[in-house]
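Read the structure below first, then the notes.
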Amino acid sequence: MAWLVVRLAISLSLLYTASAVFEDQVGKFDWREQFIGKVRFALFDTHSQASKKLLVATDKNVFASLNSRTGDLFWRHVDKTGPEGHIDALLMYGQDAVVVVGNGRLLRSWETTVGGLKWEAVLDTGSFQAAALIGVQDFVKYVAVLKKSAISLHDLSSGSQIWVENLPDSDTVQYQTIYSGGNGLVFVLGFVPSSHIVIVEYKIEDGEIMKKKSVEAAWMSSLENSCAVISSGNLLCVDQTTQSLYTLPLQSAEHTEMRQIHLQTLDLEVASGFQPVLTSTQPNPAQPPLAEFFLQLSPDHHILLQLKDDLIAPLRDFNPSYLAAFATSGEKTVAAVMTSKNDTACSINLFSADTGRRHLDTTIIYHMDPNGGKPNRLYVHAFLKKDDSVGYRVMVQTEDLTLTFLQQPGRVVWMREEALADVVTMEMVDLPLTGTQAELEGEFGKKADGLLPMVLKRLSSQFILLQAWMAHLWKLFYDARKPRSSVKNEVTIDTLSRDEFNLQKMMVMVTASGKLFGIDSKSGTVLWKQYLEDIKPDSIFKLIVQRTTAHFPHPPQCTLLIKDKDTGLGSLYVFNPIFGKKSHISVPALPRPVLQTLLLPVIDQDYAKVLLLIDDQYKVTAFPSTKNVLQQLQDTASSVFFYLVDSSQGKLSGFRLRMDLSTELIWEVVIPTEVQKIVAVKGKRANEHVHSQGRVMGDRSVLYKYLNPNLLAVITESTDIHQERSFVGIFLIDGVTGRIVHEAVQRKARGPVHFVHSENWLVYVYWNSKFRRNEFSVLELFEGAELYNSTVFSSLDRPHPPQVLQQSYIFPAPISTLEATLTEKGITSRHLLVGLPSGSILSLPKMFLDPRRPELISEQSREENLIPYAPEMPIRTEWFINYNQTVSRVRGIYTAPSGLESTCLVVVYGLDIYQTRVFPSKQFDVLKDDYDYVLISSVLFGLFFATMISKRLAEVKLLNRAWR
Amino acid sequence: MATIRVFSLILSVLSIITLLWTQSGECNNGRRLGDAVDTDFSGFSVPLEHSFEIDDVPRFRLRGALQFRGGRENGVYLAQNQLSEKDRNTMKDVAAVDGLYRIRVPRVSLQVDRQTEKQSEGYITAFVRACSLVESHLSDVITLHTDVSGNVIGISIVTIPGSCRGIEVEDEVDLEVFNTTISVVAPVTAPVPETAPYIERMDQEMEKKGKNPQEQKSFFAKYWYLILGGAVFLMATSSAQAPPGGAREQS
């Protein structure tokens with residue numbers, strides 16, 4: 001019987017929490033955007049004219065195929081992160097794409113139409129240098145991979161290794177390039193720095209060394225960047241110090257040194273400090289490369305040259321020109337050159353490669369985004385038109401990782417914002433009120449000017465509201481007649497306004513490349529973007545909302561703190577989160593490294609919250625720092641506390657603000673680094689509301705929660721990583737007094753630890769190194785049956801330590817990230833959102849993570865609705881909030897409350913971005929989508945008429961009876 | 001060495017010393033601290049310093065000595081002196097301007113064998129509002145927190161009661177002697193998923209089921225007669241009431 005009750009209780013509790021998306025709700029309030037990252041290799045499929053494929057390999061270890069007409073993904077393969085999945089080279093021939101992965105660890109061939117793996121070959125160890133397709137008699141059959149000390153040849157159709165040969169003298173010679181002109185030979189080029197070039201000739205059939213020679217080249221510093229093979233096996237190098245070009249026929253035996261051609265003789269000069277770049281093209285791997293090549297002399301100067309009869313002749317000088325690229329279609333090879341037109345636009349023109357003559361009517365105008373970066377890569381897709389002339393499209397990549405695909409005469413076919421593949425932090429900001437709503441709001445703000453004008457004003461604004469409502473109704477009616485798919489509300493920056501339930505918000509996203517985005521949360525449309533230049537890679541960003549939208553007519557204000565990773569020096573960027581415009585507020589200079597920031601509830605006269613920045617001398621800078629703010633700070637200084645964490649010394653220290661904005665050290669906790677190191681410190685979210693102060697127990701008494709807003713959760717990991725002795729430390733420290741409220745050790749545990757700290761609980765996930773599994777643990781803090789001071793919480797006056805309850809569970813899956821849902825008033829029950837490496841997002845009811853789950857069920861625990869303890873956490877498929885919309889490489893989950901208490905907005909970011917809403921306690925405050933309005937109204941009307949009729953009948957009956 | 005001599009002097013001179021010790025940690029079920037400590041009962045002492053200044057610049061003076069006792073019971077004693085007349089006045093003044101009362105101890109390891117190994121430099125500090133200390137008549141609770149290997153990582157001080165209501169403390173005697181509760185708290189071992197009791201319980205359930213075949217019967221099998229009876233009763237009552245309703249409607 002008890003077992004039955006247990007099962008009943010579990011199924012009942014599940015019934016409560018089950019919250020899957022129905023099939024017809026898919027895509028209704030959720031969207032997903034998929035990204036690939038910064039493009040490193042891009043190849044257009046020129047196999048057939050109608051092909052729309054564009055193959056890309058990126059720095060995020062993604063190999064994908066894009067539809068070149070729309071920019072959508074055909075397919076995408078996400079490899080391992082880090083150097084293991086790094087894509088070293090991408091080669092394409094016909095339907096096959098050959099990829100070298102993981103510093104030459106794997107060689108893979110992909111079928112490009114559906115993205116299926118054709119074969120995979122594991123290569124010998126050794127760091128990867130180069131890869132090339134090798135053709136024999138006009139037919140590409142092999143792929144050669146050059147490692148630091150060996151070269152191997154593989155069959156292109158099966159991947160089987162034909163031969164592998166060690167390179168001669170590989171400990172002194174740096175081999176960097178492979179070349180084959182389709183004549184049965186493979187050349188491997190290497191060099192000894194500042195000494196000579198080594199050329200080794202292999203026979204394709206068996207890998208026999210045919211010839212090996214070395215050529216003097218004392219000026220040589222790198223083969224890869226400054227050399228190229230052109231025109232039937234001529235090695236061409238450029239050197240900046242000697243201002244010369246050098247040529248050498250690879251196959252001839254008599255040449256023992258390179259022929260020097262001074263650039264002066266060609267009337268050319270390399271810009272000082274610029275490493276000149278040679279660009280050649282080999283349209284078919286089975287044929288020798290073209291005799292024409294580009295020489296880049298300075299960042300904005302390219303020249304097209306030709307090698308003819310051992311002479312180098314300039315074909316066309318492009319000055320200025322930013323980017324140049326070759327493209328081939330059929331037999332024709334063309335060169336596309338991007339030159340500056342004016343400040344805001346560039347023009348791209350097409351030139352014939354063999355003559356340097358400009359093709360007529362081939363100009364593409366590329367308009368540069370004033371808020372974006374400069375173009376830095378150009379990929380050209382050339383095709384033959386019906387009249388046999390060459391047409392082309394280009395893909396431009398800019399510094400801010402925007403991919404723009406253009407066609408003549410400058411139409412943007414599609415655009416991808418690849419910076420969004422690396423979101424660092426984000427915030428959600430409420431949208432502003434509409435004009436009419438603002439009008440009403442403004443009315444209250446104004447000073448009264450007589451009774452009659454006020455009445456008139458009120459009437460007029462009410463009239464405007466009525467008008468707006470009528471227009472809205474008309475639109476609804478109009479839209480209702482059209483089929484559903486054609487109704488699409490275009491969101492633009494001008495039509496932005498808050499909806500009834502504040503479900504639509506502005507997502508402000510900060511990306512690692514330093515580009516900021518404003519994205520509409522309802523549709524995922526990028527409404528504004530702003531590229532911040534001069535951001536060093538690996539900078540640390542912190543986004544702070546200083547003023548929300550609630551203070552009309554003051555615009556909302558966000559501040560981004562950008563901190564250099566090495567120096568710690570910071571700078572502030574203040575902007576309007578709705579329109580993305582930079583604010584003109586003067587920003588304090590930060591000459592010293594910033595250690596900590598603190599957003600105070602103190603507001604200035606413009607309703608902006610005060611931000612305190614603490615530098616490494618423990619001096620405080622206030623922003624904004626008006627007189628009003630400084631006065632308020634002086635008044636409240638004695639109650640402003642902050643903490644600093646120095647994980648290298650294991651030191652946590654607390655400071656108090658003084659009147660003169662200096663600080664004083666008031667507490668110190670030192671966790672010795674020899675034993676354990678601090679890995680994370682987290683407080684609670686400032687915008688979190690807790691509705692209920694306590695929990696009602698089975699016996700009707702109340703267990704009060706320990707709700708300390710200043711509590712910090714400090715997680716440490718042991719330095720000893722032996723599986724028996726390693727541990728994870730959990731410290732709960734009061735951020736004001738430095739008091740260690742609770743200290744626990746999870747033995748035989750290891751990180752990475754993910755944790756959520758909220759209300760009166762802390763949930764963390766760790767790896768149990770003994771049982772080799774992930775485990776969840778929950779800590780809940782209670783004050784007990786009585787509150788010490790029920791009116792106000794003060795860290796300074798809470799002498800009794802809280803009661804701590806803890807329980808652990810097995811979680812049968814690995815975890816990427818953890819976050820808790822958040823609602824407006826905190827009435828709705830909480831769920832934990834667990835990002836799994838598989839890309840699914842699990843919405844786990846907090847009910848399952850409750851340290852009061854009893855071992856044995858009793859009357860009281862049943863009264864409290866506690867689920868009996870089970871050591872394993874269930875994972876139910878209906879808890880996955882993103883059904884099949886998996887999010888690759890989940891890095892963070894952001895939750896924000898909406899205007900509806902039942903609804904929490906969720907944004908998951910990683911390689912992809914996914915936005916949805918979750919309803920942890922179901923939609924108790926909204927009617928369902930499929931609510932039967934017709935039935936309920938017909939029943940109402942029916943009842944109404946029935947009462948009318950029966951009343952009439954009753955009257956008649958009464959009258960009749962009276963007559964009787 | 002000099003400080004040790006001072007302690008012994010204080011110990012001998014003091015007439016009233018507050019000696020209190022509590023066992024470390026209340027719910028410390030998996031405490032490893034004691035296991036590692038050598039059963040050497042020599043013990044050692046550490047100075048506890050305090051500071052309360054009207055200008056709020058810390059100047060630490062000796063308040064007492066923390067006596068640690070090695071061994072299985074990791075006890076700690078606090079030997080401390082009375083507040084002097086001057087100190088009492090300063091304390092009252094500091095309390096009046098809402099200043100802070102700070103304490104600090106050096107970073108030490110409570111493991112006796114580690115004592116000689118190395119002395120880590122620096123202190124750990126904590127504070128409490130001076131007014132609350134005055135108003136509580138110097139009744140404070142000091143807790144020393146250690147990490148898994150017995151290093152003191154944090155100290156906390158609270159007064160009971162902890163509030164500052166602005167009550168004037170007239171009696172000088174109330175501010176003479178500290179009424180201190182001192183304890184050492186080691187980290188609690190966090191629980192791991194309890195699979196064994198759960199499986200045991202499941203087994204018991206199964207056994208019970210096996211013993212009692214009555215339990216295995218389904219709901220309908222057990223209560224069919226009640227359900228049938230109920231159904232018959234319902235049918236009877238509805239058929240009995242139906243005719244009058246229908247008749248009335250017709251009239």
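Worth knowing before you read on, the calculation uses all heavy atoms, side chains too, and leaves out hydrogens, waters and symmetry mates. Nothing here was measured: the structure is a model prediction, and the numbers come from that model. Every chain is numbered from 1, with letters handed out A, B, ... down the list of sequences.
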Report which part of B:Val152 has an atom under 4.5 Å of a heavy atom belonging to chain A: side chain, backbone, both, or neither. backbone
Counting distance only, does the side-chain N/O of B:Tyr198 pair as donor-acceptor with the main-chain N or O of A:Glu855 below 3.5 Å? no
Could you go through A:Val670 and B:Tyr123, starting from their C-alpha distance and side-chain angles, then the distance that decides it, and tell me whether this counts as side chain to side chain contact (heavy atoms under 4.5 Å, CB included)? CA-CA 8 Å; A:Val670 186; B:Tyr123 292 87; over 6 Å; no
Regarding B:Arg107 and A:Glu668, does a basic nitrogen lie under 4.0 Å from an acidic carboxylate oxygen? no
Counting only heavy atoms closer than 4.5 Å, note whether A:Gln806 contacts chain B via side chain, backbone, both or neither. both
Residues of residues 640-649 of chain A under 4.5 Å from chain B (heavy atom pairs)? A:Phe641
Quick one: what part of B:Thr159 sits under 4.5 Å from any heavy atom of chain A, side chain, backbone, both or neither? backbone
Part of A:Phe771 within contact of chain B (heavy atom distance under 4.5 Å): neither
Report yes or no: does B:Thr189 contribute a side-chain atom to a donor-acceptor pair with the main-chain N or O of A:Val745 at less than 3.5 Å? no
With chain A, which of B:Thr195, B:Ile199, B:Ile153 has the greatest number of heavy-atom pairs at distances under 4.5 Å? B:Ile153
Below 4.5 Å from any heavy atom of chain B, which atoms of A:Phe731 appear? Answer side chain, backbone, both or neither. side chain
Of the backbone (N, CA, C, O) and the side chain (C-beta and beyond), which part of A:Phe811 lies under 4.5 Å from a heavy atom of chain B, both, or neither? neither
Region of B:Ser132 in contact with chain A, defined by heavy-atom distances below 4.5 Å: neither
Strictly distance-based, threshold 3.5 Å: is any side-chain N or O of A:Gln807 a donor or acceptor partner for the main-chain N or O of B:Pro193? no
When the 4.5 angstrom heavy-atom criterion is applied to B:Val141 and chain A, the contacting part is neither
Partner residues of A:Arg750 under the salt bridge (Lys or Arg N to Asp or Glu O under 4.0 Å) criterion, sequence neighbours left out: none
Quick check on A:Arg725 against chain B: is it the side chain, the backbone, both or neither that has a heavy atom closer than 4.5 Å? neither
Report which part of B:Pro161 has an atom under 4.5 Å of a heavy atom belonging to chain A: side chain, backbone, both, or neither. both
